[in-house]
Each structure stands twice: as C-alpha cells, then as structure tokens.
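As the structure is a computational prediction, the values presented were derived from the model and not from experiment. Numbers here simply count residues along the sequence, with the first being 1.
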Amino acid sequence: MRKILFCLITAAASVGTNAQISLTATAGTAIGTYTTLKAAFDAINGGLHQGAITINVTGNTTETASAVLNGNGSGNSNYASVLIKPAAGVNATISSADTVATIKLNGADNVTIDGSNNGSSSRNLTITNTYTTGGSPVIIWVASTATDGALNATFKNTNIYGANSSGTIVGIIVSGSTLGAAAEVSNNNFSSINNSFNKAQNAIFAIGNATNTDTGFMIKNNVIGSAVATDKMGYRGLAVQNAKNFEISGNVIAGVTLGSTATAAGILVGAAATNGLIFNNKISDVSNTNTAGYGAAGLYLSCTGTASNMLVYNNTINGVSGYGYALGGGASDNGNGIIIVSGGGYRIYYNTVVMDANQTVAGRPSAFNVTSGVTAVGAIDLRNNIFVNKQTQTGDRYAIYAGTADTVFSNMNYNNYFSSGTALGYIGAIARTTLGELQLGFGGNVNSLNVSPVFVSATDFHLAASGNAALDNKGTFVADVTVDADGITRNAITPDLGSYEFISIVLATQDVAAKTKLNYYPNPVVDFINISNDTKINNVEVYSAAGQKLANENINAEKGSVDMRALPSGIYVLKVNTEKGSQSIKVMKK
C-alpha cells in the first residue's frame with residue numbers, strides 16, 4: 001500500500017514539474033497546471049477556473065492548435081480577468097504552427113499579457129507563429145463575435161515574432177469574427193505597449209466597427225521592424241482604421257520592405273478614424289522595391305471624414321523610398337514622408353521629415369504630399385514643420401507636392417522647405433523652384449523658410465547647435481503642442497521648427513555679441529552655467545520658455561555662475577543685466 005501511495009505522489013509531482021503553465025484563480029478550482037496555454041484556456045472556457053485568474057508561464061510551450069479564450073459567460077466560463085505572464089526569473093516562448101492564430105481572444109474581456117518577469121519593462125516572453133506553408137496565420141487575434149467585443153485587451157513587454165515577413169499576416173490583429181474584417185461589435189480599449197515585433201506583414205492591424213467606431217486604442221512605445229533583411233516587416237508597421245479617441249505615440253518603426261503592388265507604410269490611419277493623436281513616433285527604412293513603380297510612405301493618412309480631427313506632431317521620419325514613377329505624384333507612385341490621400345481635419349505640427357534614401361529610378365518623391373483625393377476646403381493645418389528632400393537620384397524631388405488646390409490648406413506657414421533638386425514644391429501642375437514661387441502657388445507661407453538644416457548626424461535629427469542660426473526661434477506658438485519629442489517645453493512665443501527644440505550657438509565660445517564680450521558655458525547645462533563679461537554683470541534673471549520669471553541671481557562682478565540644479569529639463573531664457581545694458585540668452589537644461 002505504501003509503495004502504491006508513493007508512486008501516486010511521485011507521478012503527481014512529475015506532472016507538476018513538467019507543466020509549463022501554472023494557474024491560480026480566486027474562484028472555482030484555485031490551482032491548475034498545464035502543458036499548453038490552450039489547455040489552460042480550455043479549462044477556463046469550461047468553467048473550471050473562475051474569478052480573477054493569473055497564468056504563469058514557467059517554460060516554453062508548443063501549442064498544438066490555437067489557444068482560444070471565449071468571452072465571460074460564453075458556455076460555462078465565469079471569469080473576471082485573465083493575466084498571462086512569465087514566472088519570476090523565467091524567459092519563455094509560446095509557439096504555434098497553427099494556420100489561424102497562436103492566441104485568439106474570442107470576445108474575451110479584461111485579458112492582459114505582460115511579458116516582463118520582474119514587473120519592469122523587460123521583455124521576457126516571446127509569442128510566435130511558425131507556420132510558413134501558405135495560409136494567413138496571425139500571432140494574436142483580438143476578435144469580436146457577432147454579439148460581443150473583446151474589451152480591455154492589453155499586451156505589453158512582449159516579443160511578438162512571425163515566421164517571415166510574407167507568410168505571417170499580422171503580429172496583433174484587432175478585428176471582427178472574420179480575420180481582417182471590421183469588428184461586428186467594438187473591441188474597445190485595446191493596448192499595445194512596449195512590445196517588439198518583426199517577421200510579419202503588419203505588426204499591428206486594428207480595424208474597428210465602421211458604424212460605432214472602436215474607442216480607446218493605445219499603441220505606444222513599440223519597436224517594430226529590424227535592420228536585418230529577413231526580420232523586417234513586409235507591408236506596414238501598424239494600421240488603425242474605424243477608431244476614435246486613440247493614441248499612437250513613441251513607437252520606433254525601422255525596417256519595412258514591400259515588393260508588391262501596394263503602398264508600404266510605417267503608420268497608416270484611415271477609414272472612419274476620428275479624434276486621433278499621432279506623436280513622437282520615429283519612422284525610418286520604409287521602402288517599396290516593386291519594379292513597376294509602387295510607393296512607400298512614412299505616415300499614410302486616408303480618413304474618409306472631412307472632420308477627422310487628427311493631431312500629428314513631433315514625429316521624425318526619414319529613409320522612405322519607392323521604386324520611382326515619373327508620371328504621377330500619388331501614393332502608389334513614389335516615396336513620401338507624410339502623405340494625405342483623403343478626408344480632412346488634419347493638424348500637422350512640428351514634424352521633421354527627411355527624404356534621404358534614394359529611389360531606384362527618377363520619379364516625384366516628396367517629404368510631404370497631398371493627393372487629388374483631398375478636396376475639402378481647409379482640410380489641412382500645416383505649421384512648424386521641417387520638410388527636407390536630400391535625395392540624389394535624377395528627376396524631380398520635392399519638399400512638398402500637391403495634386404490638389406491650395407484651398408485645402410486652412411493654415412500653411414512657419415515651415416522650412418528644402419530640396420536638393422531644382423524645385424522646392426509642386427502645385428497646379430507647375431514645379432515651384434524658389435520660396436517665392438512656392439508662396440505664390442500654395443499661398444500663405446509668409447514666415448516659411450528655405451534653409452538647409454544641419455542635423456546632429458545622419459541618424460539623429462536633432463538640429464545641431466551650430467550652423468542653424470537661420471532656423472532658431474522661427475516657429476509660431478500652437479496651443480495643442482507644449483513640449484517637443486524629448487519632453488522639453490516649447491517656447492511659448494518663438495518655438496523651434498521640427499520635432500526638437502534646440503540651442504543655436506553662433507561661435508564656439510558662445511560670444512553673443514562681439515561688442516559686449518558676453519560669454520557663457522556649458523550649454524546644455526547640468527548644474528551651474530558660468531557667465532563672463534568685459535564689464536560688471538549686475539544680476540541674471542532666469543525665465544521659463546513661457547516667459548515666467550523663475551529666479552534672480554546677483555553677480556556684481558565680471559564673472560559669476562547661475563545655479564540651475566533645481567530646474568527641470570527644458571529650455572530657459574537668461575536675461576543678463578550689465579552696466580551697459582541687458583542681453584538675453586537661450587539655455588538648455590539637461
């Protein structure tokens with residue numbers, strides 16, 4: 001009898017040891033161990049585990065079929081929430097070769113996958129789909145049913161990898177009960193935060209209900225694509241359609257290559273999308289290699305409504321190229337940094353777009369493109385942007401291209417346009433060679449510039465401190481945007497153009513005016529800034545970028561220092577009062 005009991009205990013322990021899934025629940029059966037996530041989901045669907053459920057992944061799993069979690073109340077299921085995460089200290093992979101999906105939330109609410117094994121932003125969980133032979137597999141499918149949306153689905157700190165960029169359709173798809181179709185019932189409050197994606201056609205494709213558009217999408221701080229050719233995305237970085245009140249921010253999309261008759265894109269927003277925020281994204285290395293001459297876009301905007309209310313700001317875009325096609329400037333023809341193909345209600349502020357990847361053949365690429373599909377009067381408000389085309393292939397290359405009338409611009413001013421080609425812009429079927437001609441053709445632009453910016457490097461699009469005096473303080477205040485892409489406060493009167501505020505240094509010693517011999521260093525400053533002058537400095541007043549007086553430092557000497565330690569990172573104006581008058585200098589606090 002003792003021998004039999006010992007064998008039973010040993011067998012039970014063996015099952016627990018070999019299980020890769022450890023589950024706890026606040027109701028129903030409190031504890032469960034499984035070899036696959038699918039088996040755990042099946043148990044939840046059957047009502048075995050209930051309440052708030054936590055699933056710890058303790059080892060690698062190979063899913064034999066899609067792990068499908070049905071909605072609460074569907075059949076016997078009775079759960080409040082489901083959290084899936086790797087166990088403490090564990091790095092694990094959930095893998096499947098299923099032809100549909102690795103994981104499917106079938107109208108399931110309140111599901112979170114958090115890939116960190118220590119409660120931080122580390123990515124310790126990988127979810128893959130390895131199927132390569134035909135079909136249209138996805139990795140994670142957030143699906144509505146005919147009567148129930150999958151609400152509050154959150155995915156964070158996870159590596160989401162496909163088999164290859166042409167076989168795996170999507171990393172995370174949010175759609176209806178038919179893969180890729182609009183949701184029958186809204187899948188509200190979907191979030192993808194700090195995930196890594198590669199080897200799929202799209203990282204994220206979120207398409208909501210066309211009538212009652214989905215709300216609350218948050219797509220933030222994801223890393224999409226790769227410099228490795230075999231790991232790139234094969235169509236888009238991400239796409240959002242039929243959604244409202246959403247945010248796409250802080251994503252790094254670098255590595256999208258398409259070779260077919262479509263438009264490659266870093267970010268696509270369209271259909272019945274409204275009330276969106278698209279900001280602080282970095283998009284690069286987006287190309288279409290199709291030899292028939294098809295295009296690519298860093299940011300592709302195609303909303304159907306003329307009052308979409310899209311706020312697009314502080315984005316940095318470079319390295320976008322199509323194959324090239326000279327007979328048109330449309331989305332499907334060339335590479336474009338930002339392209340708007342339909343709708344209206346676009347506010348485009350403080351973006352830096354640099355076309356620095358050559359097309360294969362001549363064409364009509366541009367940093368900013370508005371196609372003939374945009375017809376609504378006042379559809380676009382375009383201010384405080386830097387649009388640069390420094391490509392070197394033969395043919396046309398524009399900073400701005402419009403296949404429509406100038407009436408689509410409600411406001412168009414305080415932008416910097418520069419092209420290495422013979423013309424800056426194109427509108428009314430006419431190339432506009434000079435800034436004056438561009439102003440005549442587009443209207444507005446009274447305060448716009450034609451200056452070649454100096455960037456910190458070929459990959460860092462902060463404006464350099466030297467060589468950019470002509471661009472310093474040349475923007476206009478826009479109430480919608482108060483900080484730059486680094487979180488530094490924008491000057492409330494004369495902000496800088498593009499994604500980043502900057503300090504202009506005319507001379508290495510920062511001699512503000514040769515006649516006064518006023519010098520100051522270091523800039524940017526961490527703690528103290530040292531100031532010297534050939535006459536006595538009475539005092540130094542410190543002002544915020546918004547003009548608020550923050551401090552006053554008495555010097556009463558020809559040399560002194562100002563304590564900046566208590567101030568947060570940002571841009572400040574120091575008013576130096578001397579015996580001969582006052583000078584104002586702009587300082588950046590790190």
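- Between Y500 and T316, the shortest heavy-atom contact is OH-OG1, 3.6 Å.
- The side-chain contact (heavy atoms from CB on, under 4.5 Å) test with V312 singles out one residue from L299, N281, L277, and that residue is L299.
- Put simply, the side chain of S420 gets close to the backbone of Q391: a donor and an acceptor are under 3.5 Å apart.
- Within 6.0 Å of atom NZ in K589, more than 12 heavy atoms from other residues, nucleotides or ligands are found, so the atom counts as buried in its surroundings.
- Side-chain contact of N538 with N577: a donor-acceptor pair under 3.5 Å is absent, judged by distance alone.
- In summary, the side chains of S122 and S116 do present a donor paired with an acceptor at a separation below 3.5 Å, with no hydrogens or angles considered.
- With respect to L438, the side-chain contact (heavy atoms from CB on, under 4.5 Å) criterion is satisfied by exactly one of I400, I427, N450: I400.
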Exercise. Walk me through it: do D496 and K586 pass the test salt bridge (Lys or Arg N to Asp or Glu O under 4.0 Å)?
Key: CA-CA 12 Å; D496 291 318; K586 188 164 72 169; 3.4 Å; yes
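- Note on ring orientation: taking the six-membered ring where Trp is involved, the planes of F461 and F455 are perpendicular (angle over 60°, cut-offs 30° and 60°).
- Rounding to the nearest 0.5 angstrom, the gap separating the CD1 atom in I340 from the CD1 atom in I348 is 4.5 Å.
- Annotation for F442 and A402: closest pair CE2-CB, 3.7 Å, computed over non-hydrogen atoms.
- Of the N and O atoms on the side chains of N554 and N539, not one donor lies less than 3.5 Å from an acceptor on the other residue.
- Inspection of the N118 and S120 side chains reveals an N or O donor paired with an N or O acceptor under 3.5 Å.
- N384 places no side-chain N or O within donor-acceptor distance of the main-chain N or O of Y349, the cut-off being under 3.5 Å.
- Closest of all the heavy-atom pairs between S308 and G344 is OG-O, 2.6 Å.
- Using modelled atom types, one finds a donor on one side chain and an acceptor on the other under 3.5 Å when comparing N336 with N369.
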Quiz item: Step by step, would you call N533 with T535 a side chain to side chain donor-acceptor pair (under 3.5 Å)?
Solution: CA-CA 5 Å; N533 192 43; T535 60; 2.9 Å; yes
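- Aromatic rings of Y313 and F279 (six-membered ring for Trp) have centroids within the 6.0 Å cut-off, being under it.
- When all heavy atoms of E501 and T489 are compared, the closest pair comes out as CG-O, 4.1 Å.
- Between the side chains of N334 and R397, not a single donor N or O lies within less than 3.5 Å of an accepting N or O.
- Here the CZ-CG distance, from F502 to N468, works out to 5.0 Å after rounding to the nearest 0.5 Å.
- F387 contributes atom CZ, which lies 11.5 Å from atom CE of M355 (distance to the nearest 0.5 angstrom).
- Of the charged side-chain nitrogens involved, none lies within less than 4.0 Å of a carboxylate oxygen, so that D472 and K474 do not count as a salt-bridged pair.
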Quiz prompt | salt bridge (Lys or Arg N to Asp or Glu O under 4.0 Å) between D396 and R364, worked out | solution = CA-CA 5 Å; D396 301 325; R364 287 183 173 177; 3.4 Å; yes
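- When every heavy atom of V388 is checked against every heavy atom of I386, the shortest pair comes out as CG2-CG2, 3.7 Å.
- A side-chain N or O of R123 and one of N194 form a donor-acceptor pair less than 3.5 Å apart.
- No side-chain donor from either of N413 and N445 sits under 3.5 Å from a side-chain acceptor of the other.
- Across P453 and N416, no two heavy atoms sit closer than the pair CG-ND2, 3.7 Å.
- N202 has its side chain out of reach of M233: every pair of non-hydrogen atoms, C-beta onward, lies at least 4.5 Å apart.
- With salt bridges taken as basic N to acidic carboxylate O contacts below 4.0 Å, none links D484 and R490.
- N358 and T392 form a side-chain donor-acceptor contact under 3.5 Å, judged by distance and modelled atom types alone.
- N523 contributes no side-chain N or O that, together with a main-chain N or O of Y521, makes up a donor-acceptor pair within less than 3.5 Å.
- Interatomic distance, S321 OG to D356 CG, rounded to the nearest 0.5 Å: 9.5 Å.
- To the nearest 0.5 angstrom, N275 atom CG is 9.0 Å from K244 atom NZ.
- With rounding to the nearest 0.5 angstrom, the OH atom of Y346 is 11.5 Å from the CG atom of N309.
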